[in-house]
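What follows is one structure encoded as C-alpha cells, with my remarks underneath.
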There are 2 protein chains.
Amino acid sequence: MTKPRQQDAPPVVEHVSDDTLRQFVGYHVKRAMNVIQGDLAKTLRPFDLRMVTYSALVLIVDNPGLRQSQLATAMDVERPNLVVIIDELERRDLILREKVPTDRRAYALMPTLAGRQLCDKAIAAVKAHEARLLAGLAPPEIKEVVRALSQIELRGSEE
Amino acid sequence: MTKPRQQDAPPVVEHVSDDTLRQFVGYHVKRAMNVIQGDLAKTLRPFDLRMVTYSALVLIVDNPGLRQSQLATAMDVERPNLVVIIDELERRDLILREKVPTDRRAYALMPTLAGRQLCDKAIAAVKAHEARLLAGLAPPEIKEVVRALSQIELRGSEE
DNA sequence: TATTGTTATACTCTATAACTATA
DNA sequence: TATAGTTATAGAGTATAACAATA
C-alpha cells in the first residue's frame with residue numbers, strides 16, 4: 001500500500017531525464033547535427049555564406065557548367081528555392097549564369113575567379129573548424145562513423 | 001598550350017560530383033539526419049504525432065510534473081513555441097496542465113493514461129523502424145557511432 | 001526586480017502550382 | 001508533350017518583444 005499524498009500534488013522535477021530518447025541513434029544524430037550546423041554557420045559568417053550558398057558554390061566550382069536542375073537535384077532542394085540561392089551568388093559575382101548554345105532554355109552555372117577563391121578559403125575554414133569539432137576522435141573512429149552514416153543514407157534511398 | 005574551344009562553350013556535366021563535400025563528416029551527418037527524420041516522420045504519422053510532439057510526450061511521460069520552462073530547455077525549444085505543442089497534446093487528452101499549489105504561475109505537465117499508452121506504442125514503433133535503418137550495422141559499431149556523436153555534442157556545449 | 005506562461009509577430013526554410021520560353 | 005528556369009504563394013519551423021499574473 002502506498003501512502004496517499006495529501007492533495008495529489010504533482011511531483012517536483014529537479015532533473016529532467018532524457019534517458020528514453022537517448023536510446024535512439026537518431027536523437028544523437030540530431031543533437032550532433034545541431035552542434036555541427038551551429039559551428040558551420042559561425043564558420044561561414046565571415047565569408048557571408050550560409051550553408052546552402054556554401055554547398056551550392058562548392059558544387060558549382062567542382063562541376064563547372066552544371067545546370068540549375070542538376071544542382072537542385074544534387075542539393076535536394078526544390079528548383080524554385082534554388083533560384084534565389086543562385087541569384088545571391090550571381091549578384092556577388094561568385095558565379096555566373098552562362099547561356100547554353102545547345103539548349104536555350106538552360107543556364108550553365110560557372111564559377112568566377114572570385115568565386116573559386118572564396119570557395120577555397122571557405123573550405124579551408126570549414127576543414128579547420130570540423131577538425132576542432134572532431135579533435136577527440138581518432139581517424140579510424142571517424143572513418144567508422146562516416147561508414148555507418150553512409151549505410152544509413154543508403155537505407156533511406158532504398159525505400 | 002591548351003587547344004582553345006571554338007566559342008568557349010560551357011562544359012556539359014554528366015555526373016555531378018560531391019567529392020569535396022563528402023570529405024566532411026557534417027555532410028554525412030546531415031544526409032543521415034534527413035533519412036532518419038523522414039523515416040521518423042513516417043513512423044509517427046499513424047499516431048498523429050510529429051517529431052516535436054513525440055519528444056515532448058516522451059519527456060512528459062518520463063518526467064511527470066515538469067514545468068513548461070523545463071521542457072522547453074530540455075527540448076531546446078523557445079518557450080513561446082512550446083505553448084502550441086503543449087496545447088496540441090492537451091487538446092488530445094494525452095497530457096494535462098495541472099496547477100502547482102506552491103507556484104501559481106507554473107503548470108505541472110502530467111501524462112494521462114491515454115498519453116502513456118500512446119507513448120509506449122510510439123516508442124515501440126520508433127524502435128522497430130530504427131532497427132531496420134541500422135540493420136547493416138553491428139551493435140558494437142552502433143555503440144561506437146553513438147560515442148562519437150556524443151563527443152561532438154559535448155564539443156558544442158563547451159564553447 | 002525576476003520568472004511563468006502567453007500573445008503577437010517576423011523571419012527563414014521548404015513545398016506546390018502555374019507561368020514563359022524553349023525542346 | 002515535356003523540360004528549364006521562374007514567379008507567387010503557402011506552410012512549417014524558429015526567434016524576439018512585450019504582456020499579465022505571480023514570485
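Because only heavy atoms are used, hydrogens play no part in the values below, and waters and symmetry mates are left out as well, while side chains stay in. Throughout, protein chains are lettered first and strands after them, A, B, ... in sequence-line order, and every chain is numbered starting at 1. Everything numeric in this text was worked out from a predicted model, so none of it was measured.
Nearest nucleotide to the side chain of B/Y107, out of C/dA23, C/dT6, C/dT4: C/dT6. Residue B/V83 has its side chain nearest to C/dT7 when only D/dG5, C/dT7, D/dA15 are considered. Listed nucleotides: D/dA15, D/dT6, C/dG5. Nearest to the side chain of B/R67: C/dG5. Nearest to the side-chain atoms of B/P80 among the listed nucleotides D/dT16, C/dT16, C/dC13 stands D/dT16.
Each of B/N81 and B/Q70 has a nearest nucleotide on DNA chain C; the 5'-most of these lies closest to B/Q70.
Protein atom CG of A/L82 is 13 Å distant from nucleotide atom P of C/dA15, rounded to whole Å. Atom CD in B/Q37 sits roughly 11 Å away from atom P in C/dA15 (whole-Å rounding). Taking atom CD on A/E78 and atom P on D/dT9, their separation rounds to 19 Å, with Å as the unit. Here D/dA12 presents its P atom at 16 Å from CE of B/M51, a figure rounded to the nearest Å. Here the P atom of nucleotide D/dA4 and the CZ atom of A/R104 are 17 Å apart, to the nearest Å.
Close to D/dA15, at under 4.0 Å from its OP1 or OP2, lies no side-chain N or O of B/R79. The phosphate of C/dT6 (OP1 or OP2) has a side-chain N or O of B/R97 nearer than 4.0 angstrom. The side chain of B/R105 contributes no N or O atom lying less than 4.0 Å from OP1 or OP2 of C/dG5. The phosphate of C/dG5 has OP1 or OP2 within less than 4.0 Å of a side-chain N or O from B/S69. Between D/dT6 and A/Q68, a contact under 4.0 Å exists linking OP1 or OP2 to a side-chain N or O.
When the shell of 6.0 Å around OH of B/Y27 is examined, it contains more than 12 heavy atoms from other residues, nucleotides or ligands.
Judged by distance alone with a 3.5 Å cut-off, no donor-acceptor contact links the side chain of A/D103 to the base of D/dA4.
Remark: the backbone N or O of A/L49 is not paired with any side-chain donor or acceptor of A/T53 at under 3.5 angstrom. At distances below 3.5 Å, not a single donor-acceptor pair connects side-chain atoms of B/R104 with backbone N or O atoms of B/T102.
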- Message: If you apply the rule side-chain contact (heavy atoms from CB on, under 4.5 Å), what do you find for B/L109 with B/Q68, and how did you get there?
- Response: CA-CA 7 Å; B/L109 302 174; B/Q68 285 184 207; 3.9 Å; yes

